[in-house]
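Reading through the structure tokens given below for one structure.
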Amino acid sequence: MNDHNIEIRERLKKILKPSRYEHTLGVCYTACALAMRWGADLKKAETAGLLHDCAKCYDNSAIVEECRRRKIGLTADELAAPAVIHAKLGAWKAEHEYGIHDPEILSAIANHTTGKPGMSLLDKIVYIADYIEPGRKMLPRMEEFRVMAFTDLDEAFYEIQENILDYLRTTGSFIDSNSLASFEYCRKEKENALHG
Ligand SMILES: [Fe+2]
Ligand SMILES: [Fe+2]
């Protein structure tokens, strides 16, 4: 780990709950392993993994207020389900409070909750690492997803999104339009690959 990432890790340890900090390290190391497997930039994966939840330390009303104070615009969907906002505020904090200016790292942080159409390799790595890191509780298909992430990254991204959307639908939860658009983009890509 380079000096800047060690410094980031020390700062996060002070502001995150112990369980969130452990999850952060799990995502960081899983993102590094996936970056090694799929040929992404290791240092960028490490930094994005470390910072992906750097804004996950507010309740719903506080996070909306934090965004307002910084003049970060929120969509109607984000206001309807504020749990996703920590990704956008996290990217802002990574840039303005942790000195990260690399657009690929900022994008991976900003898109780790909902995804978006046309995710980059690093975006997908952080999204998947967030779902499969070792500390995550064993959901029904977790073992399968963990293997798939190292054998077929795009299929893992597709199936994890499908699984999350199914879960949100069965629980009657609000679904952000970016999540739907991201999955639809992958579904079309998969269809095109199958049928040429
Ligand atoms: Fe998150
Ligand atoms: Fe996370």
Can you confirm whether [X] sits close enough to [Y] that some side-chain heavy atom of one is under 4.5 Å from a side-chain heavy atom of the other?
{"X": "L79", "Y": "T75", "result": "no"}
{"X": "R37", "Y": "L153", "result": "no"}
{"X": "K137", "Y": "L139", "result": "yes"}
{"X": "Y98", "Y": "L12", "result": "yes"}
{"X": "H96", "Y": "R70", "result": "no"}
{"X": "P134", "Y": "Y29", "result": "no"}

Q: Verify side-chain contact (heavy atoms from CB on, under 4.5 Å) between N178 and T113, making sure each step is shown before the conclusion.
A: CA-CA 9 Å; N178 278 327; T113 52; over 6 Å; no
Counting only heavy atoms not in [X] (residues, nucleotides, ligands), do more than 12 fall under 6.0 Å from its [atom1]?
{"X": "E97", "atom1": "CD", "result": "yes"}
{"X": "D59", "atom1": "CG", "result": "yes"}
{"X": "R187", "atom1": "CZ", "result": "yes"}
{"X": "K190", "atom1": "NZ", "result": "yes"}

Nearest 0.5 Å, please: how far is [atom2] in [Y] from [atom1] in [X]?
{"X": "E143", "Y": "I132", "atom1": "CD", "atom2": "CD1", "value": "12.5 Å"}
{"X": "C32", "Y": "E46", "atom1": "SG", "atom2": "CD", "value": "4.5 Å"}
{"X": "Y127", "Y": "S182", "atom1": "OH", "atom2": "OG", "value": "6.5 Å"}
{"X": "C186", "Y": "K188", "atom1": "SG", "atom2": "NZ", "value": "11.5 Å"}
{"X": "I125", "Y": "S120", "atom1": "CD1", "atom2": "OG", "value": "8.5 Å"}
{"X": "T24", "Y": "K17", "atom1": "OG1", "atom2": "NZ", "value": "11.5 Å"}

Do [X] side-chain atoms and [Y] backbone N/O form a donor-acceptor pair below 3.5 Å?
{"X": "W92", "Y": "C67", "result": "no"}
{"X": "E133", "Y": "A129", "result": "no"}
{"X": "D152", "Y": "E155", "result": "yes"}
{"X": "R136", "Y": "D130", "result": "yes"}
{"X": "K56", "Y": "G90", "result": "no"}

Q: Could you list all the ring pair (Phe, Tyr, Trp, His ring centres under 6.0 Å) pairs where at least one residue sits in residues 161-184, not counting sequence neighbours?
A: Y158-F183
(Q) Checking salt bridge (Lys or Arg N to Asp or Glu O under 4.0 Å) between E104 and each of K43, K44, K124, which is the one that passes? (A) K44
Transitive ILVMFWY side-chain link [X] to [Y], under 4.5 Å:
{"X": "L165", "Y": "V84", "value": "no"}
{"X": "I175", "Y": "Y185", "value": "no"}
{"X": "M148", "Y": "M36", "value": "no"}
{"X": "Y131", "Y": "M138", "value": "yes"}
{"X": "M1", "Y": "Y21", "value": "yes"}

Of all the heavy-atom pairs spanning [X] and [Y], show the shortest one and how long it is.
{"X": "I63", "Y": "P82", "result": "CG2-O, 4.3 Å"}
{"X": "I109", "Y": "A91", "result": "CG2-N, 3.5 Å"}
{"X": "A108", "Y": "A48", "result": "CB-CB, 4.1 Å"}
{"X": "Q161", "Y": "S179", "result": "OE1-O, 4.3 Å"}
{"X": "C28", "Y": "L50", "result": "SG-CG, 3.8 Å"}
{"X": "A156", "Y": "I128", "result": "CB-CD1, 4.2 Å"}

Q) Can you list the steps and then say if Y58 with I85 is a side-chain contact (heavy atoms from CB on, under 4.5 Å)? A) CA-CA 10 Å; Y58 305 101; I85 299 173; over 6 Å; no
Q) If you measure from the Lys or Arg side-chain nitrogens to the Asp or Glu carboxylate oxygens, is any gap between E66 and R69 under 4.0 Å? A) yes
Q. Any ion pair linking E144 and R141 (charged N to carboxylate O, less than 4.0 Å)?
A. yes
**Q.** Name of the residue among L106, I8, D41 meeting side-chain contact (heavy atoms from CB on, under 4.5 Å) with T47
**A.** I8
Q: Determine, stepwise, if the pair H23 / H52 fulfils side-chain contact (heavy atoms from CB on, under 4.5 Å).
A: CA-CA 10 Å; H23 163 71; H52 84 286; 3.2 Å; yes
Quick one: do the [X] and [Y] side chains pair a donor with an acceptor below 3.5 Å?
{"X": "D176", "Y": "T114", "answer": "no"}
{"X": "D123", "Y": "S107", "answer": "yes"}
{"X": "H86", "Y": "H112", "answer": "yes"}

(Q) Apply side-chain hydrogen bond (donor to acceptor under 3.5 Å, both in side chains) to residues D77 and S177 and explain how you reach the verdict. (A) CA-CA 7 Å; D77 280 12; S177 58; 2.8 Å; yes
Q: Start with the C-alpha distance between E10 and K13, add both sets of side-chain angles, then the distance that settles salt bridge (charged side-chain N to carboxylate O under 4.0 Å, His left out), and finish with yes or no.
A: CA-CA 5 Å; E10 294 307 316; K13 194 172 186 177; 5.7 Å; no
Q | Verdict with reasoning, D166 to R169, per side-chain contact (heavy atoms from CB on, under 4.5 Å) | A | CA-CA 5 Å; D166 284 349; R169 286 190 184 108; 4.1 Å; yes
